[in-house]
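Okay, structure first, notes after.
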Amino acid sequence: ANEYFQKAGSLRLEYYNPKTRQNYQRIKDILTQRGITLVCVQYPMRSIGSLKKLFQDTKGIIFVDNEKIFKEAVRKFSYEECFTDRFAGEFGHCTSRGNRLLAENIAKVILKECFNKYSKLR
């Protein structure tokens with residue numbers, strides 16, 4: 001099972017529907033033209049690398065990596081304390097704890113990247 005899980009993860013990194021890639025790039029271009037910073041948030045438990053591969057150029061994009069913090073939370077607490085189900089295989093819909101972890105991580109990254117204030121708040 002672990003072998004096939006790794007293979008599925010590798011395949012996910014290598015292929016994107018061309019329309020999906022085009023839509024992500026279009027959103028980035030529109031926001032860039034308007035002077036708005038794009039913030040891309042990866043799903044819990046998944047690598048940020050796959051999300052970065054959607055773009056021709058990642059300059060000016062803020063990426064929020066949720067893989068490490070959720071894997072640590074699942075080890076520390078339990079899967080069930082972070083997720084209510086397994087709809088996506090390795091993760092599911094977040095519980096209150098998972099939603100809080102997600103929100104805090106997104107806020108931390110935005111504060112750090114946009115305002116360089118996170119370290120001052122801690």
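Keep in mind that what you see is a predicted model, and the values were worked out from it rather than measured.
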**Study point:** Flag, side chain of Glu67 to backbone of Pro44, donor-acceptor distance under 3.5 Å
**Key:**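 Flag not set: sc Glu67 to bb Pro44 has no pair under 3.5 Å.
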Review point. Does Asn105 reach the main-chain N or O of Leu101 with its side chain, forming a donor-acceptor pair under 3.5 Å?
Key: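 Checked: no pair found.
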Check your understanding: Just wondering, do Thr20 and Pro18 contact through their side chains at under 4.5 Å, heavy atoms?
Key ->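 Side-chain contact under 4.5 Å: no.
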Review point. Are any non-hydrogen side-chain atoms of Cys40 and Lys52 less than 4.5 angstrom apart?
Key: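 No, too far: nothing below the 4.5 Å cut-off.
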Just verifying a value: how many Å separate [X] [atom1] and [Y] [atom2], rounded to the nearest 0.5 Å?
| X | Y | atom1 | atom2 | value |
| --- | --- | --- | --- | --- |
| Ser47 | Lys53 | OG | NZ | 8.5 Å |
| Ile69 | Glu72 | CD1 | CD | 8.5 Å |
| Ile27 | Thr32 | CD1 | OG1 | 11.5 Å |
| Ile36 | Leu31 | CD1 | CG | 5.0 Å |
| Lys71 | Tyr79 | NZ | OH | 12.5 Å |
| Thr58 | Leu51 | OG1 | CG | 10.5 Å |

Check your understanding: Using the benzene-type ring in the case of Trp, are the ring centres of Phe91 and Phe70 under 6.0 Å apart?
Key ->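 No, they do not, as the ring centres are separated by 6.0 Å or more.
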Residues 80-89 side chain polar contacts: donor-acceptor under 3.5 Å, at least two apart:
from  : atom 1 : to    : atom 2 : distance (Å)
Glu81 : OE1    : Arg97 : NE     : 3.3
Glu81 : OE1    : Arg97 : NH2    : 3.2
Thr84 : OG1    : His93 : O      : 3.3
Asp85 : OD1    : His93 : N      : 2.8
Asp85 : OD1    : His93 : ND1    : 3.3
Asp85 : OD2    : His93 : ND1    : 2.8

Review point. So does Glu104 pair up with Arg100, basic N to acidic O under 4.0 Å?
Key: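 A salt bridge links Glu104 with Arg100.
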Check your understanding: Are Asp29 and Gln25 linked by a side-chain donor-acceptor pair shorter than 3.5 Å?
Key ->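 Indeed, the side chains of Asp29 and Gln25 share at least one donor-acceptor pair under 3.5 Å.
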Check your understanding: Without hydrogens or angle criteria, can the side chains of Glu113 and Thr37 be said to hold a donor-acceptor pair below 3.5 Å?
Key ->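 Not at all, the side chains of Glu113 and Thr37 share no donor-acceptor pair under 3.5 Å.
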Review point. Considering residues, nucleotides and ligands other than Tyr43, do more than 12 of their heavy atoms fall under 6.0 Å from its OH?
Key: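 Atom OH in Tyr43 is not packed in, count stays at 12 or less.
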Review point. Any cation-pi pair here, Lys28 with Phe55, using under 6.0 Å and within 45°?
Key: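 Checked: cation-pi criterion not met.
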**Study point:** Non-hydrogen atoms of Arg21 and Leu54 that approach each other most closely
**Key:**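 Shortest heavy-atom contact: CG-O, 3.2 Å.
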Exercise for review: Find out if a path of hydrophobic residues (ILVMFWY) with successive side-chain heavy-atom gaps under 4.5 Å connects Ile61 to Ile30.
Suggested key: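 Each belongs to a different hydrophobic cluster.
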